[in-house]
Amino acid sequence: MRTGLAVVTAALLTVLPATPALSRTATPVPAATATPGLSATTAPVLAGGTGAAGSSGGAGVAPVDLDALFVGAHPDDEAFSLSTLGQWHEDHHVRTGVVTVTRGEGGGNAVGPEEGPALGLLREAEERTAVAEAGVREVFNLDDVDFYYTVSAPLTDQVWGGDTLEKVVRIVRQTRPEVLLTMGPAPTPGNHGNHQQAARLAIEAFYAAADPQAFPEQITREGLRPFAPARLLTGGGRGTSRTGQDCAATFRPANPAENVYGVWSGRPSAQGATWAAVERAAQRAYASQGWAVFPDVPTDPAQLGCDFFTQVDTRVPVPEPGTPAATAPTAILDGALTRPAGTVPLGTLFGLRPSTFDVRPGTAFTVKVTATAPPREPLGRSSAALRVPEGWQVRGSGDLGRLTPGRTGSATFTVTPPQGGGDRARLAATLTTERGRGYTDRQVELSPAVRGAQQPLPQVAQYEKWAAEVGVPQLRGLVTPVLTLPSGGSRQVGVVVTNVGDTTRSGTVRLDLPAGFTAARTEAPYSDLAAGESTTVPFTVTNTDPSLKTSNEGGDYTYTITTTSPDGSSVSRPALELVPATAVPGATSAPVVDGQDGDHPGPALDISRLWEGTACSSAADCSGTAKVTWHDDTLYLLVEVKDDVLGTRLPAADCKRHWRTDAVEVTVDPRGASENTSTTFKAAVLPVTAEGPPCFLRDADNRQGPGEETAPGMRVAAKVQAGGYAVEMAIPMALLPSAVDPAHLGLNILVYDSDTQDKTGQTRIGWSTWGGVQGDPYRWGVATLPGYRPPADRPTTPADPVIPSTALSSLDSPQSLEQAIQVHVPLAGGPAAQASRSGRVVAATRGRDSVKVTLRAGAPGTAHVFVRDDQGTAGSRVVTVPRKGSTTVTVPLDRALEAGPRVVAGWDSGTGTTASQAAVR
């Protein structure tokens, strides 16, 4: 997580959850060992390696067997789950690992000059320190690149490439976690696109790891086996709860059909402090992200709440909602790793599968309930019962027969919903056996055959498509449909009408708009819509009251869409979001860029609205205005900021990561239609540096870096005085990624305020203000440029973006190498080098100021060699080994060796890796 704020904001505290899932078509793989859970085989065997002590893998060497695995995008993404992971470890010896897709090289650095791979090495060390507070020892870095902040999962997927899922699946198959935890997969406002994509990878891996047809070479070439995790959950919960010990019991989900589990952070740890305090101490290890200044948590346990997790899917029985077991600290572990009294043995599979997720009033559908006894333990005579909502009808026998070890029994029920109604509903099954009881449930969605919904944003449409393709329709609808329109302006709003029935239908769509909005028509027909098809019914909506609030000060205006069909009406409640708008006047002559007003016509825009962080204590603390004009082919901006305390004066050479101190950011979307910031222009100006003059840069846009390099011809000036500063800039429009649309330019002006000298920001204000707005072009304000015409030969298609592509390799991380040696899991989610192509260190001898290292290789390759001791790295070298056999190399030392000297080496064969170590003699 990379907010750059030195306070814990709501965005940091909440990860929006997913909802319970339907069973997949892939058959769950039953357990084959006595270990609790769903191991698909005895310990998987890694192909290749040396098999010697001190190696990361080898024939017959089993990787670490984990109980739980968290999948995140950056170091610190797990940081708000550590209270739970620590309790599980201390009370139940649960061994948890963390998959971190990137090392966070794209984040800021509040503690030093490191960036890129050097910052990745630092952040990896912070993560290992932090998670250790919760008893977590294994961190699996996947070496994908961390680039700038984006809210786009599609852009993240494009940058990370096509092999990340394969790497996650490999780690799941190697480490065999019964519980899989992750982040929020949906493009909810402000949700980091990297977080979304990491969650989607975890969800896909939950199913793919169990499917022998997914990445079959891991099975045929690497000796792994399919593995089916027992339970899958996302962090967070949509709903309300009280603080204190009953936070789990008092949680009320926004969707009553969801299963949300809470683990109270106020319980005392073995150290004596509450787990919330232990978690906060761990979070402070992320000093590079400004987290060292996080405030203390309340000392009164009654003021501490729960860590919440929302169930996505399960292959095993779970605690029944509304029972004490569902609010216990072990609720997520039950059925997978722990066995409450009276429940079926661990290793029992229990699933419920409706024939369809979309069910219709009065139309019957089937539900199949399946139970499988553990591989080595019978369940005896067994039966299942199906519970449905009040008014629904159910028919069928639940007899499952006698379930001997490994045997599966199933029962099919016919369910008929009543006429009318509509929403998510829970179908629940209970299992009764001679060895105990079990419970499971699934959601379905009840609605008429035809439904209408406001057209989705591109990111939302892509997410809904992903949910359908992966087979998790219960994850639909996590994002409230919104469309923006400029204050006092108009836009076309499309209503997408979908027929999920089996016959052609016709009907009407009606809009009921709030006060201050009108439409050219409020009702329109659709006709002859075939089964399974969709059509879009257009409406033109206008904001007739420009005095209505915009942005996060109240700019969300909910309205109603009613779609009728012969078998009923569906109702949805999307929202229209007002963003500020302005007409940018043309200047008769070019303004002088000198940091002061006098030649900027047009109105002053209010840029004092809070969008993230701590509210300004007064207008003198942080507030501002901006003026925008154009002349010829250049955009001019004057931004005047009131600020009574200036933040850190960064050196001009450190003119980057502008959120660490006082800065003004201007964002421009030339066509007003960008899905993400890679097709926009974003420039930030620091009004003062350590040397005095201002500096400027581009960040998180079409081309990033120092302003002189990435925006040649752009000019900036600043004036700093008591109580504030002014920043002026001239931006040639030829620098923008494409030609400007004078009728619809996306524009935002954002101010970052820091009142400290520790390279952390506390407050963010601006013109069009929403959480995460710096990455959301559709929520920027709208500007028109009357009279401006771009050059005829300027392309309207954006230039290809420049995306950072350098990430730290695990081969260059001694921490990752040492872990690979200890837990026998190859580096970065990749395969182990084949034995015939492997290389390892076999001896190391101390010299005066160097260490001689002997390597033995089965084939040519590259060795990444580190001389280590208890204080860290004392010397390193990358060596190309041209042939098989033994090679001796000299590694120069940067300092004298301390206690525990050793050589750690990573080997890259070109098709796989190994890690090994030897003591220095």
Side-chain angles (χ1 to χ4, degrees), residues 18 20-33 35-44 63-72 78 81 84-85 88 92 94-99 136 138 140 165-183 185 198-212 214-215 218-219 224-235 259 261 309-318 330-339 346-351 372 374-375 440 442 470-472 475 825 829:
L22 300 176
S23 299
R24 293 278 290 168
T25 54
T27 303
V29 181
T33 72
T35 302
L38 296 178
S39 176
T41 179
T42 53
V64 62
D65 189 345
L66 297 178
D67 300 309
L69 185 67
F70 178 95
V71 180
E78 80 300 313
S81 301
T84 294
L85 302 185
W88 290 351
H92 304 284
V94 171
R95 187 167 186 172
T96 302
V98 175
V99 170
V136 178
E138 285 75 51
F140 303 99
L165 176 60
E166 179 181 0
K167 292 189 284 189
V168 177
V169 168
R170 182 179 283 111
I171 289 177
V172 171
R173 286 172 172 172
Q174 288 166 339
T175 62
R176 307 173 302 286
E178 278 74 28
V179 177
L180 203 56
L181 306 171
T182 191
M183 311 186 77
R200 297 182 198 185
L201 291 166
I203 291 166
E204 292 181 49
F206 179 82
Y207 303 112
D211 183 358
F215 309 110
Q218 294 182 5
I219 299 166
L224 300 179
R225 296 290 183 271
F227 178 80
R231 299 185 67 179
L232 170 65
L233 302 100
T234 58
N259 292 347
Y261 303 97
F309 300 85
T310 302
Q311 183 167 286
V312 179
D313 204 350
T314 180
R315 295 179 168 108
V316 298
V318 300
T330 60
I332 295 171
L333 308 178
D334 289 347
L337 294 163
T338 53
R339 181 187 181 186
L346 292 176
T348 300
L349 305 180
F350 189 39
T372 302
T440 194
R442 291 290 185 270
V470 176
V472 284
L475 294 182
V825 176

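The basis for the numbers below is simple: all heavy atoms, side chains too, and nothing from hydrogens, waters or symmetry mates.
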> Nearest 0.5 Å, what's the CG-CG distance between D67 and L333?
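D67 atom CG to L333 atom CG measures 8.5 Å (nearest 0.5 Å).
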
> For V168 and A205, which heavy atoms make the closest approach, and how far apart are they?
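For V168 versus A205, the nearest heavy atoms are CG1-CB, 3.6 Å.
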
> Do any N or O atoms from the side chain of R315 and from the backbone of G351 form a donor-acceptor pair under 3.5 angstrom?
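No, the answer is negative, given that no donor and acceptor are paired below the 3.5 Å cut-off.
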
> Walk me through it: do L181 and E78 pass the test side-chain contact (heavy atoms from CB on, under 4.5 Å)?
CA-CA 9 Å; L181 306 171; E78 80 300 313; over 6 Å; no

> Specify the closest pair of heavy atoms between V71 and A198, including all atoms of both residues, with the distance to one decimal.
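For V71 versus A198, the nearest heavy atoms are CG1-O, 3.7 Å.
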
> Which heavy atom in A336 sits nearest to a heavy atom in A230, and how many Å separate them?
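Minimum heavy-atom separation between A336 and A230: CB-CB, 3.7 Å.
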
> Could you please spell out the steps behind the side-chain contact (heavy atoms from CB on, under 4.5 Å) verdict for F215 and L224?
CA-CA 10 Å; F215 309 110; L224 300 179; over 6 Å; no

> For side-chain contact (heavy atoms from CB on, under 4.5 Å), just list the numbers for E178 and V316, CA-CA rounded to whole Å, side-chain angles, deciding distance to a tenth of an Å, and then say yes or no.
CA-CA 10 Å; E178 278 74 28; V316 298; over 6 Å; no

> Donor-acceptor check, side chain of R173 to backbone of F227, threshold 3.5 angstrom: yes or no?
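Not at all, since once roles are kept as given, no pair shorter than 3.5 Å links the two residues.
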
> Measure the OG1-CZ distance between T348 and R339 for me, rounded to the nearest 0.5 Å.
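One finds 7.5 Å between OG1 of T348 and CZ of R339.
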
> Rounded to the nearest 0.5 Å, what separation is found between the NE2 atom of H92 and the CG atom of L337?
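Rounded to the nearest 0.5 Å, the NE2-CG separation comes to 10.0 Å.
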
> Regarding R170 and E166, does a basic nitrogen lie under 4.0 Å from an acidic carboxylate oxygen?
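Salt bridge present between R170 and E166.
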
> Calculate, to the nearest 0.5 Å, the distance between atoms OG1 and CG belonging to T234 and L475 respectively.
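T234 OG1 to L475 CG: 8.0 Å, rounded to 0.5 Å.
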
> Between OH of Y261 and CZ of R231, what distance do you get to the nearest 0.5 Å?
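Going from OH on Y261 over to CZ on R231, the span is 4.5 Å.
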
> What's the shortest heavy-atom distance between A208 and A214, and which atoms?
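The answer is O-CB, 3.4 Å.
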
> With rounding to the nearest 0.5 angstrom, report the CG to CD distance, L69 to E138.
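Nearest 0.5 Å value for the CG-CD distance: 10.0 Å.
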
> For T440, which residues count as a side chain to side chain contact (heavy atoms under 4.5 Å, CB included) partner, sequence neighbours excluded?
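T440: side chain to side chain contact (heavy atoms under 4.5 Å, CB included) contacts with T314, F350, L352, A429, R442.
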
